[in-house]
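Heavy atoms only: backbone and side chains are in, while hydrogens, waters and symmetry mates are out.
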Amino acid sequence: MTSTVKETTDLAPVRIEGDTPTLRLFSLLEAIAEKDEFFSLQKLVEETGLPKPTLHRMLQQLETAGIIQRDGDERHYSTGARLRRLAEKLLLNSTTHSARHAVLAQLKEEVGESCNLTALSGGEVIYVDRVETEAPLRFYLHPGSRVPVHCSASGKLFLASMSSSQRRRLLSNVELTQYTEKTITDFDALETELDDVKRTGYAIDNEEFLPGLFCVAVLVPVPSGRSNLGIAIQAPIMRLKPEQALHFLPALQRAAEALARIEAESWPE
């Protein structure tokens, strides 16, 4: 698959504000962080109304710092590795960590299995937080662990919530590695699976990443836009069969709603 560059027309004007050059640069970065596709200097000029030389200088500063990077034909940009690492650290060390952890702990008590909170980072899923079951047989994955996007329950949720063009662009840079005999490695088969995920609102990993591991996940809802937080229950297949996992969905969805309230309360009015 090849990357495609698509730029949306008729966008609302973007205001780049700030009393100092640093604050204006941060304002531009906020506008860039909203984008889910490649962007060009010319498009930013049209969106912001700022002079082309000014924007070019600002983009050069961000690129030199590793905060954005050039992609495709070298005329387009996307977020850089340094910005993604910053976003990961903010998720892992959020001021809402204690409240989030309490929700995971309550869910673990309710279902008796390990529970985790995840986010999408590049082409991988990162564990933001996790509460382990006390059961002696378990799979230990600590916060900060990364799992593939194409064969994890949370990863499928994130992929299913994307636009087709964004999903194609992400998957064009991700190898669909086969980890078990059940891993989906065909793009068309994965698209079919993602259609089901989008329709049902939940996703499963049925021994697709690790043999003997089953996982069911839902997204943490957001008022608008696309969620980048997922919550999941994980257990050995001998304790959690696919048909049993559906019984856990109400508890999983209640926990997702509780996390959504925590996220909403952390934002200023």
Under 3.5 Å: donor-acceptor pair, side chain of [X], backbone of [Y]:
{"X": "Thr118", "Y": "Val125", "answer": "no"}
{"X": "Lys156", "Y": "Ser152", "answer": "no"}
{"X": "Thr64", "Y": "Gln60", "answer": "yes"}
{"X": "Gln106", "Y": "Val103", "answer": "no"}
{"X": "Glu63", "Y": "Gln69", "answer": "no"}
{"X": "Ser121", "Y": "Glu124", "answer": "no"}
{"X": "Asn228", "Y": "Ala119", "answer": "no"}
{"X": "Gln178", "Y": "Thr180", "answer": "yes"}

Give me the atom names and distance for the closest heavy-atom approach of [X] to [Y].
{"X": "Ala245", "Y": "Phe214", "answer": "CB-CE2, 3.3 Å"}
{"X": "Cys115", "Y": "Ile233", "answer": "SG-CG1, 4.2 Å"}
{"X": "Val220", "Y": "Ser227", "answer": "O-OG, 2.6 Å"}
{"X": "Leu176", "Y": "Thr185", "answer": "O-CG2, 3.2 Å"}
{"X": "Arg167", "Y": "Leu159", "answer": "NH1-O, 2.9 Å"}
{"X": "Leu249", "Y": "Tyr202", "answer": "CD1-CD2, 3.6 Å"}

Closer than 4.0 angstrom, basic N to acidic O: yes or no for [X] and [Y]?
{"X": "Lys182", "Y": "Glu207", "value": "yes"}
{"X": "Lys43", "Y": "Glu46", "value": "yes"}
{"X": "Arg199", "Y": "Asp196", "value": "yes"}

inquiry  = Under the rule for salt bridge (charged side-chain N to carboxylate O under 4.0 Å, His left out), what residues qualify as partners of Glu132, not counting sequence neighbours?
reply    =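 Listed in chain order: Arg130.
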ask   = What orientation do His150 and Tyr179 show, parallel under 30°, tilted 30 to 60°, or perpendicular over 60°?
value =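 His150 vs Tyr179 ring planes: tilted.
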request  = Spell out, yes or no, whether Ile68 and Leu23 are grouped together once hydrophobic residues are joined by side-chain heavy atoms under 4.5 Å, including indirect joins.
outcome  =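 Hydrophobic grouping puts Ile68 apart from Leu23.
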request  = Compare all side-chain heavy atoms of Val216 with those of Leu252 and state whether any distance is below 4.5 angstrom.
outcome  =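 Side chain of Val216 against side chain of Leu252, heavy atoms only: contact under 4.5 Å found.
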query = Are Asp186 and Leu190 side-chain neighbours, meaning at least one heavy-atom pair lies under 4.5 Å?
reply =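 No, their side chains stay 4.5 Å or more apart.
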task = Among Thr54, Leu29, Leu28, find the one that has a side-chain contact (heavy atoms from CB on, under 4.5 Å) with Ile16.
result =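 When side-chain contact (heavy atoms from CB on, under 4.5 Å) is applied between Ile16 and each of Thr54, Leu29, Leu28, only Leu28 qualifies.
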query = Taking atom CD of Glu243 as the centre, does the number of heavy atoms from other residues, nucleotides or ligands within less than 6.0 Å exceed 12?
reply =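 Counting neighbours around CD of Glu243, more than 12 heavy atoms of other residues, nucleotides or ligands fall under 6.0 Å, so yes.
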